[in-house]
Amino acid sequence: MAQNTDHIATEGAMAPFWMPFTANKQFKASPRLLKSAEGMYYQSVDDRPILDGTAGLWCCNAGHGRRQITEAVQRQIAELDFAPTFQMGHPLPFEFAQRLAELAPPGLDRVFFTNSGSESADTALKIALQYHRLRGEGQRTRFIGREKGYHGVGFGGISVGGLGNNRKGFGPLLTGVDHLPHTLNIERNAFTKGLPEPDMSLADRLEELVALHGADTIAAVIVEPMAGSAGVILPPKGYLKRLREICTRHGILLIFDEVITGFGRLGSPFASQEFDVIPDILTSAKGLTNGAIPMGAVFVQNAIYNQFMDADGPAIELFHGYTYSGHPVAAAAGLATLEVYQSEGLLTRAADLAEYWESALHSLRDLPNVIDIRNYGLVGAIELSARDGAPGARAYEVFTKAFELGALIRVTGDVIALSPPLIIERDQIDQLMSIITDAIRATR
(Lines give C-alpha, C1' and ligand atoms only; values in the text may rest on other atoms or scores of the structure.)
Protein backbone atom coordinates (compact mmCIF):
# COMPACT_ATOMS: atom_id res chain seq x y z
CA MET A 1 0.00 0.00 0.00
CA ALA A 2 1.39 3.40 -0.95
CA GLN A 3 2.28 5.66 1.94
CA ASN A 4 1.70 9.39 2.12
CA THR A 5 5.05 10.79 3.15
CA ASP A 6 4.41 14.50 2.60
CA HIS A 7 4.11 15.17 6.33
CA ILE A 8 7.56 13.69 6.98
CA ALA A 9 9.57 15.96 4.72
CA THR A 10 9.70 18.89 7.11
CA GLU A 11 12.49 19.57 9.53
CA GLY A 12 10.14 19.74 12.52
CA ALA A 13 8.52 16.38 11.75
CA MET A 14 11.94 14.79 11.42
CA ALA A 15 13.30 16.10 14.71
CA PRO A 16 12.46 13.12 16.97
CA PHE A 17 14.49 10.57 14.94
CA TRP A 18 18.16 10.78 15.93
CA MET A 19 19.65 9.31 12.77
CA PRO A 20 22.69 6.99 12.89
CA PHE A 21 26.02 7.94 11.29
CA THR A 22 24.37 11.07 9.90
CA ALA A 23 24.92 14.81 10.13
CA ASN A 24 21.40 15.26 11.48
CA LYS A 25 21.12 19.04 11.19
CA GLN A 26 22.45 18.97 7.65
CA PHE A 27 20.22 16.11 6.53
CA LYS A 28 17.02 17.41 8.06
CA ALA A 29 17.55 20.78 6.41
CA SER A 30 17.71 19.06 2.99
CA PRO A 31 16.45 15.47 3.31
CA ARG A 32 16.86 12.61 0.86
CA LEU A 33 13.94 10.21 1.37
CA LEU A 34 13.19 6.88 -0.27
CA LYS A 35 9.68 5.42 -0.24
CA SER A 36 9.85 2.11 -2.14
CA ALA A 37 12.21 -0.22 -3.95
CA GLU A 38 12.17 -2.96 -6.56
CA GLY A 39 14.98 -4.71 -8.37
CA MET A 40 17.91 -2.34 -8.88
CA TYR A 41 15.99 0.84 -8.09
CA TYR A 42 14.69 2.83 -5.17
CA GLN A 43 11.86 5.29 -5.62
CA SER A 44 12.28 8.68 -3.99
CA VAL A 45 9.41 10.49 -2.29
CA ASP A 46 9.28 12.81 -5.29
CA ASP A 47 8.79 9.78 -7.57
CA ARG A 48 12.24 9.59 -9.14
CA PRO A 49 13.94 6.23 -9.80
CA ILE A 50 17.22 6.00 -7.91
CA LEU A 51 19.69 3.38 -9.16
CA ASP A 52 21.08 1.53 -6.14
CA GLY A 53 24.87 1.59 -6.34
CA THR A 54 25.40 0.36 -2.77
CA ALA A 55 23.00 -2.59 -2.29
CA GLY A 56 21.23 -0.48 0.31
CA LEU A 57 24.09 -0.49 2.80
CA TRP A 58 26.14 -3.43 1.46
CA CYS A 59 23.23 -5.74 2.30
CA CYS A 60 20.60 -6.10 -0.46
CA ASN A 61 22.75 -8.41 -2.59
CA ALA A 62 19.74 -9.88 -4.42
CA GLY A 63 18.21 -6.48 -5.11
CA HIS A 64 14.96 -5.16 -3.72
CA GLY A 65 11.38 -6.35 -3.44
CA ARG A 66 12.16 -10.05 -3.79
CA ARG A 67 8.78 -11.77 -3.72
CA GLN A 68 10.14 -15.07 -2.39
CA ILE A 69 11.63 -13.36 0.67
CA THR A 70 8.56 -11.20 1.24
CA GLU A 71 6.21 -14.18 1.13
CA ALA A 72 8.43 -16.23 3.46
CA VAL A 73 8.36 -13.41 6.02
CA GLN A 74 4.59 -13.01 5.68
CA ARG A 75 3.94 -16.73 6.19
CA GLN A 76 6.28 -16.99 9.14
CA ILE A 77 5.08 -13.95 11.06
CA ALA A 78 1.51 -15.23 10.72
CA GLU A 79 2.44 -18.71 11.92
CA LEU A 80 5.04 -18.00 14.62
CA ASP A 81 6.00 -14.40 15.25
CA PHE A 82 8.46 -15.10 18.07
CA ALA A 83 9.77 -18.00 20.08
CA PRO A 84 12.58 -17.99 22.65
CA THR A 85 15.85 -19.79 22.02
CA PHE A 86 17.01 -19.71 25.66
CA GLN A 87 16.47 -23.29 26.88
CA MET A 88 13.80 -23.59 24.17
CA GLY A 89 13.75 -23.79 20.42
CA HIS A 90 11.86 -23.82 17.17
CA PRO A 91 12.79 -25.52 13.89
CA LEU A 92 13.90 -22.66 11.65
CA PRO A 93 17.29 -21.63 13.12
CA PHE A 94 18.36 -25.30 13.16
CA GLU A 95 17.44 -25.62 9.49
CA PHE A 96 19.05 -22.30 8.63
CA ALA A 97 22.27 -23.14 10.47
CA GLN A 98 22.49 -26.44 8.59
CA ARG A 99 22.09 -24.69 5.25
CA LEU A 100 24.68 -22.09 6.17
CA ALA A 101 27.16 -24.73 7.33
CA GLU A 102 26.88 -26.40 3.93
CA LEU A 103 27.71 -23.09 2.25
CA ALA A 104 30.49 -21.99 4.59
CA PRO A 105 34.23 -22.60 4.17
CA PRO A 106 35.38 -26.07 5.29
CA GLY A 107 35.27 -26.66 9.03
CA LEU A 108 33.21 -23.58 9.88
CA ASP A 109 30.14 -25.66 10.53
CA ARG A 110 28.82 -24.29 13.84
CA VAL A 111 26.65 -21.17 13.69
CA PHE A 112 25.71 -18.73 16.46
CA PHE A 113 22.96 -16.28 15.48
CA THR A 114 23.03 -12.59 16.32
CA ASN A 115 21.08 -9.57 15.06
CA SER A 116 23.77 -7.47 13.39
CA GLY A 117 27.38 -7.31 12.33
CA SER A 118 28.23 -5.40 15.51
CA GLU A 119 26.82 -8.21 17.64
CA SER A 120 28.59 -10.78 15.49
CA ALA A 121 31.94 -9.09 16.12
CA ASP A 122 31.47 -8.89 19.88
CA THR A 123 30.25 -12.51 19.94
CA ALA A 124 33.35 -13.67 18.09
CA LEU A 125 35.63 -11.86 20.53
CA LYS A 126 33.88 -13.41 23.54
CA ILE A 127 34.04 -16.90 22.04
CA ALA A 128 37.76 -16.44 21.44
CA LEU A 129 38.40 -15.40 25.04
CA GLN A 130 36.47 -18.26 26.59
CA TYR A 131 37.94 -20.80 24.16
CA HIS A 132 41.45 -20.07 25.40
CA ARG A 133 40.29 -20.10 29.01
CA LEU A 134 38.75 -23.56 28.51
CA ARG A 135 42.08 -24.77 27.12
CA GLY A 136 43.92 -23.60 30.22
CA GLU A 137 45.34 -20.48 28.54
CA GLY A 138 43.25 -17.83 30.22
CA GLN A 139 46.14 -15.38 29.99
CA ARG A 140 45.38 -15.00 26.29
CA THR A 141 43.23 -11.87 26.54
CA ARG A 142 44.80 -9.52 24.00
CA PHE A 143 43.24 -8.74 20.63
CA ILE A 144 44.97 -7.49 17.53
CA GLY A 145 42.86 -5.45 15.12
CA ARG A 146 43.94 -3.31 12.20
CA GLU A 147 44.10 0.38 11.40
CA LYS A 148 41.10 1.48 9.31
CA GLY A 149 39.27 -1.70 10.34
CA TYR A 150 35.55 -1.62 11.04
CA HIS A 151 33.89 -4.23 13.24
CA GLY A 152 30.65 -2.54 14.16
CA VAL A 153 29.81 -0.22 17.01
CA GLY A 154 29.82 -2.39 20.15
CA PHE A 155 32.55 -1.61 22.64
CA GLY A 156 34.45 -4.70 21.55
CA GLY A 157 34.09 -3.83 17.88
CA ILE A 158 35.22 -0.23 18.19
CA SER A 159 38.12 -1.30 20.40
CA VAL A 160 39.56 -3.67 17.81
CA GLY A 161 38.43 -1.39 14.98
CA GLY A 162 40.74 1.26 13.62
CA LEU A 163 38.55 4.17 12.51
CA GLY A 164 39.34 7.17 14.68
CA ASN A 165 35.95 8.88 14.50
CA ASN A 166 34.26 5.68 15.70
CA ARG A 167 36.49 5.53 18.80
CA LYS A 168 37.51 8.95 20.02
CA GLY A 169 34.22 9.99 21.62
CA PHE A 170 33.88 6.98 23.90
CA GLY A 171 36.75 6.90 26.36
CA PRO A 172 39.51 4.30 26.78
CA LEU A 173 37.53 1.30 25.41
CA LEU A 174 38.84 -2.24 25.97
CA THR A 175 42.34 -2.58 27.30
CA GLY A 176 44.87 -4.97 25.84
CA VAL A 177 44.24 -4.17 22.18
CA ASP A 178 46.83 -3.43 19.52
CA HIS A 179 46.59 -2.82 15.79
CA LEU A 180 48.28 -3.92 12.60
CA PRO A 181 48.93 -1.30 9.92
CA HIS A 182 46.33 -0.92 7.21
CA THR A 183 47.09 -2.08 3.68
CA LEU A 184 46.27 1.07 1.68
CA ASN A 185 49.25 2.51 -0.22
CA ILE A 186 48.04 4.92 -2.89
CA GLU A 187 51.54 6.18 -3.66
CA ARG A 188 52.61 2.67 -4.64
CA ASN A 189 49.36 1.07 -5.83
CA ALA A 190 47.16 3.82 -7.30
CA PHE A 191 44.78 2.56 -10.01
CA THR A 192 45.69 -1.08 -9.43
CA LYS A 193 43.15 -3.43 -10.97
CA GLY A 194 42.29 -6.11 -8.43
CA LEU A 195 44.64 -7.02 -5.59
CA PRO A 196 47.84 -5.03 -5.10
CA GLU A 197 51.17 -6.76 -5.53
CA PRO A 198 52.58 -8.61 -2.50
CA ASP A 199 53.91 -6.67 0.48
CA MET A 200 54.60 -9.21 3.19
CA SER A 201 56.00 -6.56 5.51
CA LEU A 202 52.41 -5.53 6.32
CA ALA A 203 51.50 -9.02 7.53
CA ASP A 204 54.88 -9.57 9.15
CA ARG A 205 54.14 -6.70 11.50
CA LEU A 206 52.10 -9.29 13.35
CA GLU A 207 55.34 -11.06 14.25
CA GLU A 208 56.57 -7.79 15.73
CA LEU A 209 53.44 -7.52 17.87
CA VAL A 210 53.87 -11.13 18.96
CA ALA A 211 57.44 -10.33 20.00
CA LEU A 212 56.28 -7.20 21.84
CA HIS A 213 53.35 -8.68 23.75
CA GLY A 214 54.18 -12.39 23.84
CA ALA A 215 52.25 -14.94 21.79
CA ASP A 216 50.80 -16.48 24.94
CA THR A 217 48.93 -13.23 25.71
CA ILE A 218 47.16 -12.89 22.35
CA ALA A 219 43.72 -14.43 21.94
CA ALA A 220 42.87 -13.47 18.38
CA VAL A 221 43.59 -11.35 15.35
CA ILE A 222 40.51 -9.85 13.69
CA VAL A 223 40.55 -8.35 10.20
CA GLU A 224 38.21 -7.76 7.30
CA PRO A 225 39.49 -9.70 4.27
CA MET A 226 38.62 -6.53 2.36
CA ALA A 227 38.02 -3.40 4.42
CA GLY A 228 34.75 -1.89 3.23
CA SER A 229 33.64 0.90 5.53
CA ALA A 230 37.05 2.58 5.44
CA GLY A 231 36.77 2.95 1.67
CA VAL A 232 37.37 -0.42 -0.05
CA ILE A 233 40.90 -1.31 1.02
CA LEU A 234 42.15 -4.52 -0.57
CA PRO A 235 44.67 -7.00 0.82
CA PRO A 236 47.92 -7.39 -1.11
CA LYS A 237 48.38 -10.75 -2.78
CA GLY A 238 49.40 -13.35 -0.19
CA TYR A 239 48.74 -11.06 2.77
CA LEU A 240 45.89 -13.05 4.29
CA LYS A 241 47.73 -16.34 3.85
CA ARG A 242 50.68 -14.91 5.75
CA LEU A 243 48.41 -13.78 8.61
CA ARG A 244 46.97 -17.29 8.72
CA GLU A 245 50.46 -18.83 8.89
CA ILE A 246 51.58 -16.55 11.70
CA CYS A 247 48.40 -17.09 13.74
CA THR A 248 48.65 -20.86 13.35
CA ARG A 249 52.29 -20.87 14.37
CA HIS A 250 51.57 -19.01 17.60
CA GLY A 251 48.23 -20.56 18.56
CA ILE A 252 46.34 -17.32 17.89
CA LEU A 253 42.80 -17.48 16.54
CA LEU A 254 42.16 -15.72 13.24
CA ILE A 255 38.78 -14.00 12.90
CA PHE A 256 37.54 -12.78 9.51
CA ASP A 257 34.88 -10.09 9.59
CA GLU A 258 32.85 -10.91 6.48
CA VAL A 259 29.82 -8.78 7.24
CA ILE A 260 30.43 -6.99 3.93
CA THR A 261 32.33 -9.61 1.91
CA GLY A 262 30.01 -12.51 2.71
CA PHE A 263 27.32 -13.83 0.36
CA GLY A 264 28.82 -13.28 -3.05
CA ARG A 265 30.23 -9.78 -2.94
CA LEU A 266 33.70 -10.76 -4.21
CA GLY A 267 32.72 -13.61 -6.53
CA SER A 268 32.60 -16.52 -4.08
CA PRO A 269 30.14 -17.15 -1.25
CA PHE A 270 32.74 -15.86 1.22
CA ALA A 271 36.01 -13.97 0.84
CA SER A 272 37.83 -16.74 2.70
CA GLN A 273 36.90 -19.06 -0.19
CA GLU A 274 37.81 -16.44 -2.78
CA PHE A 275 41.27 -15.98 -1.25
CA ASP A 276 41.68 -19.61 -0.10
CA VAL A 277 42.33 -18.71 3.53
CA ILE A 278 40.20 -20.36 6.22
CA PRO A 279 39.82 -18.45 9.50
CA ASP A 280 38.93 -19.96 12.87
CA ILE A 281 35.87 -17.73 13.27
CA LEU A 282 33.93 -15.82 10.62
CA THR A 283 31.37 -13.09 11.27
CA SER A 284 28.51 -12.19 8.95
CA ALA A 285 25.27 -10.19 8.70
CA LYS A 286 23.95 -7.81 5.98
CA GLY A 287 23.54 -10.13 2.98
CA LEU A 288 22.51 -12.97 5.29
CA THR A 289 18.84 -11.96 4.90
CA ASN A 290 19.28 -9.59 1.94
CA GLY A 291 18.68 -6.78 4.44
CA ALA A 292 15.03 -7.76 4.85
CA ILE A 293 15.17 -8.58 8.59
CA PRO A 294 18.09 -7.74 10.91
CA MET A 295 20.20 -10.83 11.53
CA GLY A 296 23.84 -11.85 11.93
CA ALA A 297 25.68 -15.14 12.19
CA VAL A 298 29.03 -16.22 13.60
CA PHE A 299 30.61 -19.29 12.00
CA VAL A 300 32.94 -21.22 14.27
CA GLN A 301 35.37 -24.04 13.58
CA ASN A 302 34.05 -27.36 14.83
CA ALA A 303 37.13 -27.83 17.04
CA ILE A 304 36.36 -24.59 18.89
CA TYR A 305 32.73 -25.57 19.41
CA ASN A 306 33.78 -28.99 20.71
CA GLN A 307 36.08 -27.37 23.26
CA PHE A 308 33.00 -25.74 24.77
CA MET A 309 30.95 -28.93 24.63
CA ASP A 310 33.68 -31.07 26.18
CA ALA A 311 34.43 -28.78 29.09
CA ASP A 312 33.44 -29.59 32.65
CA GLY A 313 31.31 -27.03 34.37
CA PRO A 314 27.79 -25.59 34.32
CA ALA A 315 25.21 -26.85 31.88
CA ILE A 316 25.24 -23.62 29.88
CA GLU A 317 28.50 -23.70 27.94
CA LEU A 318 28.52 -20.06 26.77
CA PHE A 319 26.84 -17.40 28.88
CA HIS A 320 26.05 -15.21 25.93
CA GLY A 321 23.14 -14.58 23.57
CA TYR A 322 20.41 -12.21 22.48
CA THR A 323 16.64 -12.22 22.91
CA TYR A 324 16.31 -12.38 19.15
CA SER A 325 19.07 -14.92 18.41
CA GLY A 326 17.61 -17.23 15.75
CA HIS A 327 14.42 -15.18 15.47
CA PRO A 328 11.86 -17.19 13.46
CA VAL A 329 10.99 -14.40 11.03
CA ALA A 330 14.66 -13.55 10.44
CA ALA A 331 15.47 -17.22 9.90
CA ALA A 332 12.62 -17.49 7.39
CA ALA A 333 13.97 -14.47 5.54
CA GLY A 334 17.44 -16.00 5.58
CA LEU A 335 16.31 -19.34 4.20
CA ALA A 336 14.39 -17.63 1.41
CA THR A 337 17.40 -15.43 0.68
CA LEU A 338 19.64 -18.48 0.28
CA GLU A 339 17.11 -19.96 -2.13
CA VAL A 340 17.23 -16.80 -4.25
CA TYR A 341 21.03 -16.64 -4.16
CA GLN A 342 21.44 -20.26 -5.16
CA SER A 343 18.64 -20.53 -7.72
CA GLU A 344 19.92 -17.45 -9.57
CA GLY A 345 23.64 -18.14 -9.18
CA LEU A 346 24.15 -14.86 -7.35
CA LEU A 347 26.86 -16.12 -4.99
CA THR A 348 29.29 -16.34 -7.92
CA ARG A 349 27.79 -13.79 -10.32
CA ALA A 350 30.24 -11.09 -9.22
CA ALA A 351 33.02 -13.16 -10.78
CA ASP A 352 31.18 -13.15 -14.12
CA LEU A 353 30.70 -9.37 -14.05
CA ALA A 354 34.06 -8.47 -12.49
CA GLU A 355 35.93 -7.75 -15.72
CA TYR A 356 33.18 -5.51 -17.12
CA TRP A 357 32.80 -3.77 -13.74
CA GLU A 358 36.56 -3.22 -13.51
CA SER A 359 36.78 -1.75 -17.01
CA ALA A 360 33.83 0.56 -16.45
CA LEU A 361 35.14 1.74 -13.10
CA HIS A 362 38.67 2.45 -14.32
CA SER A 363 37.31 4.42 -17.26
CA LEU A 364 36.76 7.20 -14.71
CA ARG A 365 40.44 7.56 -13.81
CA ASP A 366 41.01 10.78 -15.80
CA LEU A 367 38.10 12.67 -14.25
CA PRO A 368 38.92 15.79 -12.21
CA ASN A 369 40.31 15.19 -8.70
CA VAL A 370 40.35 11.36 -9.01
CA ILE A 371 43.55 10.09 -7.35
CA ASP A 372 42.85 6.36 -7.11
CA ILE A 373 40.42 3.65 -8.19
CA ARG A 374 40.21 0.26 -6.47
CA ASN A 375 38.13 -2.78 -7.33
CA TYR A 376 37.50 -6.46 -6.75
CA GLY A 377 34.46 -8.56 -7.58
CA LEU A 378 31.49 -6.18 -7.51
CA VAL A 379 33.10 -3.67 -5.18
CA GLY A 380 34.67 -0.41 -6.21
CA ALA A 381 36.17 2.76 -4.78
CA ILE A 382 36.91 6.10 -6.38
CA GLU A 383 39.15 8.23 -4.19
CA LEU A 384 39.12 11.98 -4.67
CA SER A 385 41.70 14.48 -3.57
CA ALA A 386 40.63 16.31 -0.44
CA ARG A 387 39.98 20.02 -0.45
CA ASP A 388 42.36 22.07 1.65
CA GLY A 389 40.86 22.41 5.09
CA ALA A 390 37.71 20.49 4.17
CA PRO A 391 38.35 16.75 4.06
CA GLY A 392 35.33 14.80 2.87
CA ALA A 393 33.52 17.84 1.46
CA ARG A 394 34.24 17.07 -2.19
CA ALA A 395 33.04 13.45 -2.01
CA TYR A 396 29.94 14.50 -0.08
CA GLU A 397 29.03 16.93 -2.84
CA VAL A 398 29.46 14.13 -5.40
CA PHE A 399 27.17 11.96 -3.27
CA THR A 400 24.42 14.58 -3.13
CA LYS A 401 24.77 15.41 -6.84
CA ALA A 402 24.60 11.71 -7.76
CA PHE A 403 21.36 11.39 -5.80
CA GLU A 404 19.97 14.40 -7.62
CA LEU A 405 20.94 12.73 -10.93
CA GLY A 406 19.36 9.40 -9.95
CA ALA A 407 21.90 7.14 -8.20
CA LEU A 408 22.61 6.14 -4.63
CA ILE A 409 26.31 5.89 -3.86
CA ARG A 410 28.18 5.88 -0.56
CA VAL A 411 30.98 8.10 0.62
CA THR A 412 33.45 7.71 3.45
CA GLY A 413 35.85 10.61 3.77
CA ASP A 414 36.78 11.45 0.19
CA VAL A 415 36.16 7.93 -1.10
CA ILE A 416 33.14 7.02 -3.21
CA ALA A 417 32.34 3.39 -2.35
CA LEU A 418 30.30 1.23 -4.70
CA SER A 419 28.73 -2.19 -4.07
CA PRO A 420 25.66 -2.65 -6.26
CA PRO A 421 23.23 -5.54 -5.89
CA LEU A 422 24.56 -8.70 -7.52
CA ILE A 423 21.66 -8.64 -9.99
CA ILE A 424 23.04 -5.57 -11.75
CA GLU A 425 23.21 -5.75 -15.55
CA ARG A 426 25.88 -4.29 -17.80
CA ASP A 427 23.68 -1.43 -19.01
CA GLN A 428 22.99 -0.50 -15.38
CA ILE A 429 26.73 -0.50 -14.67
CA ASP A 430 27.07 1.93 -17.58
CA GLN A 431 24.22 4.06 -16.20
CA LEU A 432 25.83 4.16 -12.74
CA MET A 433 29.22 5.19 -14.14
CA SER A 434 27.61 7.86 -16.32
CA ILE A 435 25.84 9.41 -13.34
CA ILE A 436 29.01 9.32 -11.23
CA THR A 437 30.96 10.90 -14.08
CA ASP A 438 28.49 13.75 -14.34
CA ALA A 439 28.45 14.20 -10.56
CA ILE A 440 32.25 14.37 -10.33
CA ARG A 441 32.45 16.83 -13.24
CA ALA A 442 29.82 19.01 -11.58
CA THR A 443 31.87 19.22 -8.39
CA ARG A 444 34.75 21.63 -8.21
Measuring from [X]:[atom1] to [Y]:[atom2], what's the distance to the nearest 0.5 Å?
X	Y	atom1	atom2	result
L288	F113	CG	CZ	7.0 Å
I409	D52	CD1	CG	11.5 Å
S434	L364	OG	CG	9.5 Å
K237	M200	NZ	CE	11.0 Å
F143	D178	CZ	CG	13.5 Å
R140	L253	CZ	CG	8.0 Å

Write down the atom of [X], the atom of [Y], and the distance for their closest heavy-atom approach.
X	Y	answer
S229	Y150	OG-CD2, 3.3 Å
P279	S272	CD-CB, 3.7 Å
L335	L92	CD1-CD2, 3.7 Å
P421	C60	CB-O, 3.5 Å
I371	I186	O-CG2, 4.0 Å
G264	A350	O-CB, 3.4 Å

Problem - Mutual orientation of the aromatic rings belonging to H327 and Y324 [parallel < 30°, tilted 30-60°, perpendicular > 60°] - result: tilted

Handout entry: Ring geometry between Y42 and H64 (parallel below 30°, tilted from 30 to 60°, perpendicular above 60°)
Key = tilted

Problem - Worked verdict on K193 versus L361 for side chain to side chain contact (heavy atoms under 4.5 Å, CB included) - result: CA-CA 10 Å; K193 295 180 177 180; L361 192 64; over 6 Å; no

Handout entry: By salt bridge (Lys or Arg N to Asp or Glu O under 4.0 Å) - contacts of E425 (at least two apart)
Key = R349

Could you tell me if the side chain of [Y] sits less than 4.5 Å from the side chain of [X], heavy atoms only?
X	Y	answer
V415	V232	no
H90	L80	yes
L282	V298	no
N61	L346	no
L134	E317	no
D199	Y239	no
T283	H151	no
L129	T141	yes

Any sub-3.5 Å donor-acceptor pair from [X]'s side-chain atoms to [Y]'s backbone N or O?
X	Y	value
N189	T192	no
T248	E245	no
D414	A395	yes
K241	V277	no

Practice task
For the pair T261 and E258, evaluate side-chain hydrogen bond (donor to acceptor under 3.5 Å, both in side chains) and give the outcome as yes or no after the intermediate values.
Solution key: CA-CA 5 Å; T261 56; E258 293 221 37; 2.8 Å; yes

Problem - Centroid-centroid under 6.0 Å between F275 and F256 rings - result: no

Exercise for the section: Compute the centroid of each ring, for F270 and then for F299, and state whether the two points are separated by less than 6.0 Å. Expected result: yes

Are [X] and [Y] close enough for a salt bridge, meaning some N to O gap below 4.0 Å?
X	Y	answer
E207	R249	yes
R142	D216	no
R67	E71	yes
E147	R205	no
E383	R374	yes
E339	R66	no

Surrounding [atom1] of [X] (heavy atoms of other residues, nucleotides or ligands, distance under 6.0 Å), is the total greater than 12?
X	atom1	value
F399	CZ	yes
E102	CD	yes
Y356	OH	yes
E38	CD	no
F191	CZ	yes
R133	CZ	no

Handout entry: Check against side-chain hydrogen bond (donor to acceptor under 3.5 Å, both in side chains), S36 and Q43
Key = CA-CA 5 Å; S36 63; Q43 194 81 3; 5.1 Å; no

Handout entry: side chain to side chain contact (heavy atoms under 4.5 Å, CB included) partner of L180, chosen from I222, V221, D204, L202
Key = V221

Exercise for the section: Determine, stepwise, if the pair L422 / F263 fulfils side chain to side chain contact (heavy atoms under 4.5 Å, CB included). Expected result: CA-CA 10 Å; L422 305 176; F263 302 101; over 6 Å; no

Exercise for the section: Mind running side chain to side chain contact (heavy atoms under 4.5 Å, CB included) on L418 and M433 for me, showing each step along the way? Expected result: CA-CA 10 Å; L418 302 170; M433 297 305 160; 4.2 Å; yes

Handout entry: side-chain hydrogen bond (donor to acceptor under 3.5 Å, both in side chains) between T85 and S325, intermediate numbers included
Key = CA-CA 7 Å; T85 51; S325 289; 5.3 Å; no

Exercise for the section: Kindly indicate, with the supporting measurements, whether the criterion side chain to side chain contact (heavy atoms under 4.5 Å, CB included) is fulfilled by R244 and I278. Expected result: CA-CA 8 Å; R244 173 72 279 180; I278 308 302; 5.7 Å; no

Problem - N24/T22 under side-chain hydrogen bond (donor to acceptor under 3.5 Å, both in side chains): CA gap, chis, key distance, verdict - result: CA-CA 5 Å; N24 278 250; T22 298; 5.2 Å; no

